[in-house]
Amino acid sequence: MSEAPPIVKCLVWDLDNTLWKGTLIEDGVVEVDDTIRKVVMELDARGVLQSVSSRNDHDEAWARLEQLGLAEYFVLPHIGWGPKSDSVRSIAERLNFSPKTIAFIDDLPTERAEVAYHLPDVRCYPAEQAGALLGLPEFSPAVVTVDAARRRQMYQAGFERDRERESHRGADEDFLRSLELVMRIGKARGEEITRVEELTLRTSQMNATGVHYSDAALRALLSDADHEVLVVSMADRFGPHGAVGVMLIEKTPGAWHIKLLATSCRVVSFGAGAVLLRWLTDAAARAGVHLVADFKRTERNRMMEVAYRFAGFTTAECDCLAAFSPAEGTECLHLEPTRQAPPTTMTVIAPEPFAGGREAEWS
């Protein structure tokens with residue numbers, strides 16, 4: 001039995017005779033069918049990002065998209081005269097998406113063939129199939145989380161944030177402080193579990209083990225007194241980043257066992273992983289327990305290993321390790337924690353005390 005194709009994370013639209021009827025450079029005025037407009041809006045609501053790769057004059061085509069009230073739905077548009085495979089590749093790289101999660105739709109078989117030749121993992125669709133996309137499984141996530149529904153707005157805020165960072169003159173820490181970053185760490189609620197499961201599936205570079213915990217397994221742990229399922233979210237003056245991290249911690253009298261730690265690659269540049277480990281180290285030091293962390297090397301999680309090592313975790317032996325039996329191929333890293341100073345680049349709001357008490361600023 002073959003595996004289902006991965007959910008499409010970004011659909012790249014051609015414009016002429018695909019998104020709209022007619023050719024802009026020849027017809028002057030082009031229109032969008034109500035059916036296609038519905039597809040664009042519904043895909044956006046499902047959390048599927050959308051972009052453009054079109055052979056047109058950029059300013060003229062973008063102005064028409066604005067007149068049609070659709071420009072806001074498209075991120076990273078490529079409107080010009082270069083090969084469309086270059087545009088699609090650039091969009092995927094800028095989004096940090098695998099080509100397997102990118103789709104391309106165009107009315108011309110030659111354009112689809114050019115993209116398919118250079119990017120064989122990208123799924124290509126003829127323009128006449130546009131109205132049927134909403135019914136295809138690859139465009140139909142089983143559950144649409146709160147973060148998924150606002151994914152496009154979060155990415156657009158991220159691009160604006162990146163532009164300001166590029167123009168900033170001075171120390172990077174000064175820029176981070178100017179963002180007014182707030183990290184919240186809290187016990188997962190039932191409605192957040194689907195997003196937590198999604199993070200374990202989608203995050204590879206900043207995932208300590210690569211282990212996927214199912215929705216059912218995570219929900220069972222919510223009521224387990226020996227486990228904490230913690231969700232990490234972030235926001236700044238540009239808007240919310242949404243849920244960007246998850247920790248699964250097993251508590252024993254002598255140690256807290258970090259069975260899962262994953263953070264979104266989108267917040268690596270803000271030092272989110274390092275801040276999270278520092279907060280956890282400080283919380284463990286106050287509780288008088290050691291930290292034990294599962295770590296399994298994968299092809300992509302070298303950054304996560306560096307984060308653990310930088311935080312002071314080692315493979316040193318300790319009596320507390322006897323309580324844990326790591327899975328085959330998984331290391332147990334160990335840390336005897338000491339108190340940590342809170343970060344200067346963001347505010348951290350977290351449970352106080354660790355076992356689910358009231359939220360307080362880490363200070």
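This structure is a prediction, so every number in the text was calculated from the model and none was measured. Scope of the values below: all heavy atoms of this structure, side chains included, with no hydrogens, waters or symmetry mates.
- The backbone N or O of I36 lies less than 3.5 Å from no partner atom in the side chain of D33, so there is not a single donor-acceptor pair.
- Here the side chain of T263 pairs no donor or acceptor atom with the backbone of G245 at under 3.5 angstrom.
- Summarising the geometry of I91 relative to L76, their closest heavy-atom pair is CG1-O, 3.7 Å, with the distance given to 0.1 Å.
- Using cut-offs of 30° and 60° for the angle between ring planes, the F97 and Y155 rings count as perpendicular.
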request  = Apply side-chain contact (heavy atoms from CB on, under 4.5 Å) to M247 and L260, showing your working.
outcome  = CA-CA 5 Å; M247 288 191 293; L260 170 68; over 6 Å; no
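- No continuous path of ILVMFWY side-chain contacts below 4.5 Å connects L49 to L19, so the two sit in separate hydrophobic clusters.
- With respect to the salt-bridge test (charged N to carboxylate O, under 4.0 angstrom), the residues E361 and R184 do not qualify.
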task = Please step through side-chain contact (heavy atoms from CB on, under 4.5 Å) for the pair L230 and V246, ending with a clear verdict.
result = CA-CA 6 Å; L230 300 177; V246 56; over 6 Å; no
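- The closest donor-acceptor contact from the side chain of T23 to the backbone of I25 lies at 3.5 Å or more, if one exists at all.
- Without hydrogens or angle criteria, T252 side chain to A255 main chain gives a donor-acceptor distance under 3.5 Å.
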message = Show, in sequence, the C-alpha distance, side-chain angles and deciding distance for I249 and H227, and conclude whether the side-chain contact (heavy atoms from CB on, under 4.5 Å) test is met.
response = CA-CA 6 Å; I249 299 171; H227 284 82; over 6 Å; no
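- In L134, the CG atom is crowded: over 12 heavy atoms of neighbouring residues, nucleotides or ligands sit closer than 6.0 Å.
- Here the CE atom belonging to M41 is positioned 7.5 Å from the CZ atom belonging to R37, to the nearest 0.5 angstrom.
- Of the listed residues (L11, V8, T101, L133), just one forms a side chain to side chain contact (heavy atoms under 4.5 Å, CB included) with E138, and that residue is V8.
- Ion pair R152/D44 flagged as a salt bridge, since at least one NZ, NE, NH1 or NH2 atom sits closer than 4.0 Å to an Asp/Glu carboxylate oxygen.
- Without hydrogens or angle criteria, E60 side chain to H58 main chain gives no donor-acceptor distance under 3.5 Å.
- Around CZ of F310, the count of heavy atoms belonging to other residues, nucleotides or ligands within 6.0 Å does not exceed 12.
- Here D282 pairs with R286 in a salt bridge; the nearest charged N to carboxylate O distance falls below 4.0 Å.
- One N or O on the side chain of D16 and one on the backbone of L24 form a donor-acceptor pair closer than 3.5 Å.
- Salt-bridge annotation for R64 and E31: present, with a side-chain N of the basic residue lying under 4.0 Å from a carboxylate O of the acidic one.
- Annotation for D226: atom CG counts as buried by contact number, over 12 foreign heavy atoms lying within 6.0 Å.
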inquiry  = The test is ring-ring contact (aromatic ring centres under 6.0 Å, His included); show your working for F139 and Y125 and say whether it passes.
reply    = CA-CA 12 Å; F139 292 94; Y125 299 83; 5.6 Å; yes
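- Contact check for S233 versus H241: no side-chain heavy atoms found under the 4.5 Å cut-off.
- The closest donor-acceptor contact from the side chain of Q67 to the backbone of W62 lies at 3.5 Å or more, if one exists at all.
- A salt bridge does not link E331 with K296: none of the charged nitrogens is closer than 4.0 Å to a carboxylate oxygen.
- Listed for the S90 side chain is no donor-acceptor partner under 3.5 Å among the backbone atoms of D86.
- Side-chain N or O atoms of T347 include none that pairs as donor or acceptor with a backbone N or O of V182 at under 3.5 Å.
- Electrostatic pairing of R177 and E173 counts as a salt bridge here, judged by a charged N lying under 4.0 Å from a carboxylate O.
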task = Using the side-chain contact (heavy atoms from CB on, under 4.5 Å) rule, take L15 and V52 through it: C-alpha gap first, then chi angles, then the decisive distance, then the call.
result = CA-CA 7 Å; L15 295 179; V52 169; 3.8 Å; yes
query = Where do S85 and E114 land on the side-chain hydrogen bond (donor to acceptor under 3.5 Å, both in side chains) test, with the steps shown first?
reply = CA-CA 7 Å; S85 61; E114 192 269 336; 2.5 Å; yes
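- R123 forms no cation-pi arrangement with F104, by the criterion of a distance under 6.0 Å to the ring centre and an angle within 45° of the ring axis.
- Between W256 atom CH2 and E228 atom CD the span is 8.5 Å, to the nearest 0.5 Å.
- Taking 4.5 Å as the limit, every side-chain heavy atom of E336 sits out of range of all side-chain heavy atoms of C318.
- One finds a salt bridge joining K84 and D14 here, because a Lys/Arg side-chain nitrogen approaches an Asp/Glu carboxylate oxygen to under 4.0 Å.
- Taking 4.0 Å as the cut-off between side-chain N and carboxylate O, D162 and R165 do not count as a salt-bridged pair.
- Judged by distance alone, the side chain of R55 and the main-chain N or O of W81 form a donor-acceptor pair under 3.5 Å.
- Taking the six-membered ring where tryptophan is involved, the planes of F313 and Y308 are perpendicular, since the angle between them exceeds 60° and thus also 30°.
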